[in-house]
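Take a look at the following structure, please.
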Amino acid sequence: MKMNKNEQFVITINRELGSGGRTVGRLLAEKLGVPFYDKAVIKALQEKYNLTTEEIERLKGRKHSWWADVERILKIDGGMSMDYYLPQKGDAPDLLTTDEMFKTETLILQDLAVEKSCVVAGRSGFHVFRYHPNHLSILIQASMAHRVERVARKQNITEEEARKIIDKVDKMRENYVKKYTGTSRYDTRNYQLVVTADGKTEEEMADLIMQYIG
């Protein structure tokens, strides 16, 4: 069933590093006039409240709303989000997120989506919102050549360095998705729309998605 933009909705974007998917998500949110959530926004909320699943339940019991804090974060720290997560030495791909952290992120996202329509980048959104009645799930991918060129240009590094970063992030993200969703992020059955970035600007991809939504 196609998403209805005239009712409360959630659009989730999974993307390959170097595809421009996060920028597409931000542009899409701007075009639709809704907030854009990614790792940085969720992390800021977690740090503000020192959140655990128990703390979230306590706040919900007080009928606490995240929205004022989210607006403040988006306004003050809107530029803090990075286009890329660059793994640090010593990072263990399968230990970056604990079960508790995943549950906390899931609860935060689900609560935010209750308050207002939104666009969510990453965070296994396709899985978190798989039962949402008005959800569009998108995968943005690109050829390796496109990804290497974009990461190298954006980060001002060599193509060899860019390829190593892409390989590491791909592995980390796939491990994360498999561990917490039981599926692969490359399984196109998880998405209603798959967009290839090659030959398209981020603006063109956002417009293409808008045309699909109708």
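Positions are given from 1 along the sequence. The shown structure was predicted, so the numbers you read here are calculated from the model rather than taken from an experiment.
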Verify, without hydrogens or angle tests, whether Gln192 (side chain) and Ser137 (backbone) share a donor-acceptor contact under 3.5 angstrom. yes
Using the rule that two of Ile, Leu, Val, Met, Phe, Trp, Tyr join whenever any of their side-chain heavy atoms come within less than 4.5 Å, decide whether Leu27 and Ile138 are in one cluster. no
Let's go through Gln141 and Tyr186 carefully: what are the C-alpha distance in whole Å and the side-chain angles of both, what is the deciding distance for side-chain contact (heavy atoms from CB on, under 4.5 Å) to 0.1 Å, and is it a yes or a no? CA-CA 9 Å; Gln141 60 184 17; Tyr186 302 110; over 6 Å; no
Suppose we screen for ring pair (Phe, Tyr, Trp, His ring centres under 6.0 Å). Which residues come up paired with Tyr191, at least two apart in sequence or across chains? Phe126
Can you check whether Tyr212's main-chain N or O pairs, donor with acceptor, with Lys2's side chain at less than 3.5 Å?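 Side chain of Lys2 to backbone of Tyr212: a pair is present.
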Heavy-atom nearest pair, Lys200 first then Glu204, reads CA-OE1, 3.3 Å
Return yes if some donor-acceptor pair links the side-chain N/O of Asn190 with the main-chain N/O of Asp187 below 3.5 Å, else return no.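 Indeed, once roles are kept as given, a pair shorter than 3.5 Å links the two residues.
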Checking side-chain contact (heavy atoms from CB on, under 4.5 Å) for the pair Ile140/Arg22: CA distance, chi angles, key distance, verdict? CA-CA 9 Å; Ile140 298 180; Arg22 185 190 166 277; over 6 Å; no
Would you call Asp167 and Lys171 a salt bridge, using N to O less than 4.0 angstrom? no
Sub-4.5 Å side-chain heavy-atom contact between Ile213 and Phe9: no
Using side chain to side chain donor-acceptor pair (under 3.5 Å) as the criterion, list what pairs up with Lys5, not counting sequence neighbours.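 So Lys5 forms no side chain to side chain donor-acceptor pair (under 3.5 Å) with any residue.
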Given Arg147, Arg185, Arg150, Arg173, the one that forms salt bridge (Lys or Arg N to Asp or Glu O under 4.0 Å) with Glu16: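 Going through the options one by one, the only one that passes is Arg147.
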What verdict does the side-chain contact (heavy atoms from CB on, under 4.5 Å) test give for Lys31 and Asp207, after you've listed the backbone C-alpha separation in whole Å, the side-chain angles of each residue and the deciding distance to 0.1 Å? CA-CA 9 Å; Lys31 291 175 185 292; Asp207 286 340; 2.9 Å; yes
Mark yes or no for whether Asp38, through its side chain, and Gly122, through its backbone, hold a donor-acceptor pair below 3.5 Å. no
Just how far is it from atom CG of Leu109 to atom NE2 of His132, taken to the nearest 0.5 Å? 11.5 Å
List in chain and number order the residues that pass side chain to side chain contact (heavy atoms under 4.5 Å, CB included) with Asp198, two or more places apart in sequence or in another chain; answer none if no residue qualifies.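 Once residues adjacent in sequence are excluded, the partners of Asp198 under the side chain to side chain contact (heavy atoms under 4.5 Å, CB included) criterion are Ala142, Ser143, His146, Thr196.
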Would a 4.5 Å heavy-atom cut-off, applied to side chains only, mark Lys179 and Asn175 as touching?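 No, their side chains stay 4.5 Å or more apart.
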Is Val114 reachable from Val120 through a run of hydrophobic residues whose side-chain heavy atoms are each under 4.5 Å from the next?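 No, it is not one cluster - the side chains of Val120 and Val114 are not joined through contacts under 4.5 Å.
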Check: Val24 and Ile209 side chains under 4.5 Å, non-hydrogen atoms: yes
Ignoring hydrogens, what is the shortest heavy-atom contact between Gln8 and Ser117? Give both atom names and the distance. CA-OG, 3.2 Å
For the side chain of Glu159 and the backbone of Ala152, is there at least one donor-acceptor N/O pair under 3.5 Å apart?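 Pair absent, no side-chain N/O of Glu159 close to backbone of Ala152.
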Which atom pair, heavy atoms only, marks the closest approach of Ala162 to Val148?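 For Ala162 versus Val148, the nearest heavy atoms are CB-O, 3.7 Å.
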Determine the minimum heavy-atom distance between Ser19 and Ala197, stating which atoms define it. O-CB, 3.4 Å
Return yes if some donor-acceptor pair links the side-chain N/O of Arg26 with the main-chain N/O of Thr23 below 3.5 Å, else return no.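 Such a contact is absent between Arg26 side chain and Thr23 backbone.
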